[in-house]
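Have a look at the structure below before the remarks.
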Protein chains: 2
Amino acid sequence: MARSTKAAAEKTRRRILDAAEQLFYANGVAQTSLEQIAEAAGVTRGAIYWHFADKVALFRALYEGVRLPQEDLVEQAATGGNPDPLGLLEQVACDCLKTLAADQQRQRVFAILLFRCDYLGEMAEALARQNEADATMHANLTRLFAMAERDGLLSPRWPPAVAERAFTAMMRGLWVDWLRYERNFDLAGVGSDCVKGLFQSFRAR
Amino acid sequence: MARSTKAAAEKTRRRILDAAEQLFYANGVAQTSLEQIAEAAGVTRGAIYWHFADKVALFRALYEGVRLPQEDLVEQAATGGNPDPLGLLEQVACDCLKTLAADQQRQRVFAILLFRCDYLGEMAEALARQNEADATMHANLTRLFAMAERDGLLSPRWPPAVAERAFTAMMRGLWVDWLRYERNFDLAGVGSDCVKGLFQSFRAR
DNA sequence: GGATATACCTACATCGCTGTATGTAAAGTA
DNA sequence: TACTTTACATACAGCGATGTAGGTATATCC
């Protein structure tokens, strides 16, 4: 068969990744064979094995190509020394919802990570990465809520640890419910309203 | 081999189900073979095929044996005509968290449904059942929050639709985070505090 | 107490999927 | 231009899992 140029090879690689993303999302990771992916990408399994060591490597390339919402959230909220940490976090959270609602690829990849793969031995590293992202998120949020409390910005009704858990739980629940149930509500609109309501409660004196 | 009595057969069936639960939870549904289950249960694959048509039927028997938290929530909250619907729901939600925190079997089954199975073609009915449970939950909660608003019990800050979404998202987020991350916080304690904080906000005038 | 259904176990046949080894034509390189 | 490397395709070998057919010994029923 004809050897293609470098650019064409990169295109092939992307076609494989795209096909894998679609099929993983539609049928689940374990239930998708490399043969199916190859067919959908218009190549043979040989091409896949050329670009990726095996299915796990392909899966890894897929989820390493996108940023998780948790990572997004942390990166933007980590700017320390803010005079209004709660306001900042509220803004960042709403932006995060809006961003996810607009980026279909990340929706699919995140949905795959959430629902379409059981974390077996080798896939477990994907879970580990999420754990890590969550851990740093928790650490940052803990600092942030503690700061807010110290500055008298947090309602005494909300111990920092509880507020932090409530916030992360709500964010996770919004992502999960929206992705799982065919995006059947307005994530950017209603979701942001939920977050705003919660933060109003955080600030109430 | 010796045929066992009816009671013994039922015991065998339960041993198979228990082994499947453990292995599905530990390794994922797709990555668990009937041979592994049989070995863990101390029988051969023949016994499994005697009691269950195939792996899907075994999986179905597993999740049909337990009630989902959503179903729990709805059933208890559906008692109409309550003078304090918000108080009732708050109580029910906290009870629900407490119940889940105490029942290890339901934790495992629910975790399997959430994380350990990709919803392929035949397993999809499990997802369908969850969808149904969620739909009735949403319907009931919508009525409940609408009632609360009509009776002036709901803060004007919280439109009923937003409040309902915020509540379900928080509950889902609590379940998910707790089950996913090795139960690394006190679901009954901190979780209930989160719910209570939210409901205080719901009621604020 | 004999017939029959039950509750398994054993053995086998099959099949899809994986991984690898080999082939090959074009692109790059000196 | 000769050689090498790249980017695949093709072919093959092997395994693990599934489903089923057939055997067997014991409960259960009449």
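Chain identifiers are assigned alphabetically (A, B, ...) following the order of the sequence lines, protein sequences preceding nucleic acid strands; residue numbering begins at 1 within each chain. Remember, it's a predicted structure, so these values are computed and weren't measured experimentally.
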In this structure, how many angstroms lie between the [atom2] atom of [N] and the [atom1] atom of [X], rounded?
X: A:Tyr49; N: D:dA13; atom1: OH; atom2: C1'; answer: 13 Å
X: B:Arg14; N: C:dA7; atom1: CZ; atom2: C1'; answer: 18 Å
X: A:Ile37; N: C:dG16; atom1: CD1; atom2: C1'; answer: 15 Å
X: A:Arg15; N: D:dA7; atom1: CZ; atom2: P; answer: 14 Å
X: B:Glu10; N: C:dT6; atom1: CD; atom2: P; answer: 15 Å
X: A:Arg45; N: C:dT20; atom1: CZ; atom2: C1'; answer: 10 Å
X: A:Leu58; N: C:dG19; atom1: CG; atom2: C1'; answer: 15 Å
X: B:Ile48; N: D:dT20; atom1: CD1; atom2: P; answer: 15 Å

Is it the case that B:Gln91 and B:Asp95 place a side-chain donor and acceptor less than 3.5 Å from each other? yes
Under 3.5 Å, is there a donor-acceptor pair between the A:Gln130 and A:Asp134 side chains?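 Note: A:Gln130 and A:Asp134 side chains miss the donor-acceptor criterion.
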Check this for me: does any side-chain nitrogen of one of B:Arg106 and B:Asp72 sit under 4.0 Å from a carboxylate oxygen of the other?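 Judged by the 4.0 Å cut-off on N to carboxylate O distance, B:Arg106 and B:Asp72 do form a salt bridge.
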Out of [options], which nucleotide sits closest to the side chain of [X]?
X: A:Lys6; options: C:dC9, D:dA7, C:dT18; result: D:dA7
X: A:Asp54; options: D:dG19, C:dG19, D:dC8; result: C:dG19
X: B:Val43; options: D:dA11, D:dG19, C:dC9; result: C:dC9
X: B:Leu34; options: D:dT18, C:dA7, D:dA9; result: D:dT18
X: A:Lys55; options: D:dT18, D:dA9, C:dT18; result: C:dT18
X: A:Ala9; options: D:dC8, D:dG19, C:dA7; result: D:dC8

Is any side-chain nitrogen or oxygen of [X] closer than 4.0 Å to OP1 or OP2 of [N]?
X: A:Thr5; N: D:dA7; value: no
X: B:Thr12; N: C:dC8; value: yes
X: A:His51; N: D:dA7; value: no

Locate the shortest heavy-atom distance separating B:Tyr49 from B:Asp54; write the atom from each residue and the value. CE2-CA, 4.4 Å
Mind checking if A:Ser33 touches a base, just sugar-phosphate, or nothing, with heavy atoms under 4.0 Å?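 Sugar-phosphate contact only.
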For A:Trp50 and B:Glu35, take the nucleotide of DNA chain D holding the closest heavy atom to each; which residue's nucleotide lies nearer the 5' end? A:Trp50
B:Arg129 to B:Tyr63, cation-pi by 6.0 Å centre distance and 45° axis angle: no
